[in-house]
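The structure appears below as structure tokens.
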Protein chains: 2
Amino acid sequence: MTQSLKIRTLINRIGRIDAADGWSDDLNPTQLAALGYLAQANRFSRAPSHVADFLGTTRGTMSQTLKALERKGYISELRSDADKRYTSYDLTAKGRTATRRPNPLEEALQTSDPAMTDSLEHALTTLLQTMLKANMGRAFGQCIDCVHFKTGTPKAYCDLLSVSLESKETRQICHEQKPRLVS
Amino acid sequence: MTQSLKIRTLINRIGRIDAADGWSDDLNPTQLAALGYLAQANRFSRAPSHVADFLGTTRGTMSQTLKALERKGYISELRSDADKRYTSYDLTAKGRTATRRPNPLEEALQTSDPAMTDSLEHALTTLLQTMLKANMGRAFGQCIDCVHFKTGTPKAYCDLLSVSLESKETRQICHEQKPRLVS
DNA sequence: CCTTATTAGTATCGACTCGCTACTATTGCA
DNA sequence: TGCAATAGTAGCGAGTCGATACTAATAAGG
């Protein structure tokens, strides 16, 4: 058994165990993952196609998942006027509380050695980056780490979308993000 | 966004992306994961309940998954005479080739810094261990790392099941495994 | 300006997983 | 011997999955 197979098995299993007992009342793993993404994404990145891209599934499947979440009252639809094809989703109050449930994975991490979690985060980030590059996938990083991000006073600015960013937004996820040179 | 949430998101996403394009001809992620487990498990650990335990699902679901795999010719059923409740599954030739398909996750790992993959494996193992302890889950480690494992000549021995082990078997996964003191 | 290509979202199909409950068969235990 | 525990399975309803096909809106090119 090679090391890469071992690591692949570990990631797969941890993800499954986490998903299995992460079933909150009436949310399945995919719905919870979509909800978690929406909670972190900025206002330009909350469309069905973005969530689908992020989670590696299709627009069709994600469209249904989001409709299910809406039906249950976790998110609300917001159609765009500028581009009438575009649909965005916002979390409701119910949705926000659902993303903050305690889970064994995070609890285990919080009692772990900080040096270990640091190197874990770095290794996983690098791994994902490599996989995405091979797959032409998007990074979905934070604005603050993006090539299009410009600091400014009083507000930061996105060169690509030509909009100024609230300070909270600089640490949200963007589907257009292109990682700046990383160590 | 806390670090533990970041790591949880990373693990979840890597697992999904890996599963998404790991769809071989007619195997879905769960079927592939079950097949991968069966390929690594020893002859005492290939029952539906063991696979279910390993993947964090239920006996009912796994029973169906295994029936699907059998129907497609990837595994074959093997009923026990000693305990007539017990059912075991073996991989067919078709099943063995299916577990050896190249995938972006392993390819990314193989081109990574060995020091990083070492620390990644260690961190993920520790994380899983901690989660399982909180959940009373089984470790599913290899015989060679088990408290019941005794070296011997010419064959190693399992103190719990009272059987001697082929050298190949000492590095297979066992559902009864109890990790020996780990660094 | 008008045609064509592209994009975003959705509905529908069949196969399957998911948790759940209920049931059978076998074994273990008192 | 009887009763509890265990292993596997069938069936239910909800939902994901890939695939395909469709509509509506926008973009691009002549």
Donor/acceptor link under 3.5 angstrom from A:Arg59 side chain onto base of C:dA8: yes
Step-by-step side-chain contact (heavy atoms from CB on, under 4.5 Å) determination, B:Ile14 to A:Met131: CA-CA 9 Å; B:Ile14 291 173; A:Met131 289 171 63; 4.0 Å; yes
Position toward the 5' end of DNA chain D (nearest nucleotide), A:Ala68 or A:Lys84: A:Ala68
Sidechain N-carboxylate O distance under 4.0 Å for B:Glu70, B:Lys72: no
Value in whole Å for how far the P atom of C:dT26 lies from CZ of B:Arg79: 10 Å
Out of D:dT9, C:dT17, D:dG18, whichever nucleotide has its closest atom nearest the side chain of B:Thr65: C:dT17
From D:dT9, C:dT26, D:dT16, nucleotide with atom closest to A:Thr30 side chain: D:dT16
Gap separating the CZ atom of A:Arg180 from the CZ atom of A:Phe149, nearest 0.5 angstrom: 7.5 Å
Gap between atoms CD1 and P, on B:Ile17 and D:dG18 respectively (whole Å): 13 Å
5' precedence on DNA chain D between A:Thr61 and B:Pro48 (nearest-nucleotide basis): B:Pro48
Whole-Å distance separating the CG atom of B:Leu78 from the C1' atom of D:dG8: 15 Å
Geometric cation-pi criterion A:Lys94 and A:Tyr74, 6.0 Å radius, 45° cone: yes
Carboxylate-amine/guanidinium contact A:Glu169 A:Arg171, below 4.0 Å: no
Atom-pair distance (NE2 on B:His50; C1' on D:dG8), nearest Å: 12 Å
Rounded distance [0.5 Å steps], CZ in B:Arg46 versus OH in B:Tyr89: 13.0 Å
Nearest to side-chain heavy atoms of B:Arg85, which nucleotide of D:dC17, D:dT9, C:dT26: C:dT26
Touch class at under 4.0 angstrom, heavy-atom based, for B:Ala82 against every strand present: sugar-phosphate
Selected nucleotide, minimal atom distance to B:Asn28 side chain, candidates C:dT17, C:dG9, D:dT16: C:dT17
Sugar-phosphate only, base, or nothing, as touched by A:Gln64 at under 4.0 Å among non-hydrogen atoms: base
Side-chain N,O (B:Thr58) to OP1/OP2 (C:dC18) below 4.0 Å: no
For atom CZ of A:Arg71 and atom P of C:dA11, their distance in whole Å: 10 Å
Atom pair distance, as rounded to whole Å: CG in A:Asp83 and P in D:dA27: 6 Å
Between P of C:dA8 and CZ of A:Phe44, the distance in whole Å: 16 Å
Among C:dT10, D:dG18, C:dG19, the one nearest A:Thr57 by side-chain distance: D:dG18
B:Lys67 side chain, from C-beta outward: closest of D:dG15, D:dT9, C:dT10: D:dT9
Atom-pair distance (CG on A:Asp26; P on D:dT16), nearest Å: 12 Å
Nucleotide nearest B:Arg16 when distance is taken to its side chain, options C:dT17, C:dT10, D:dC17: D:dC17
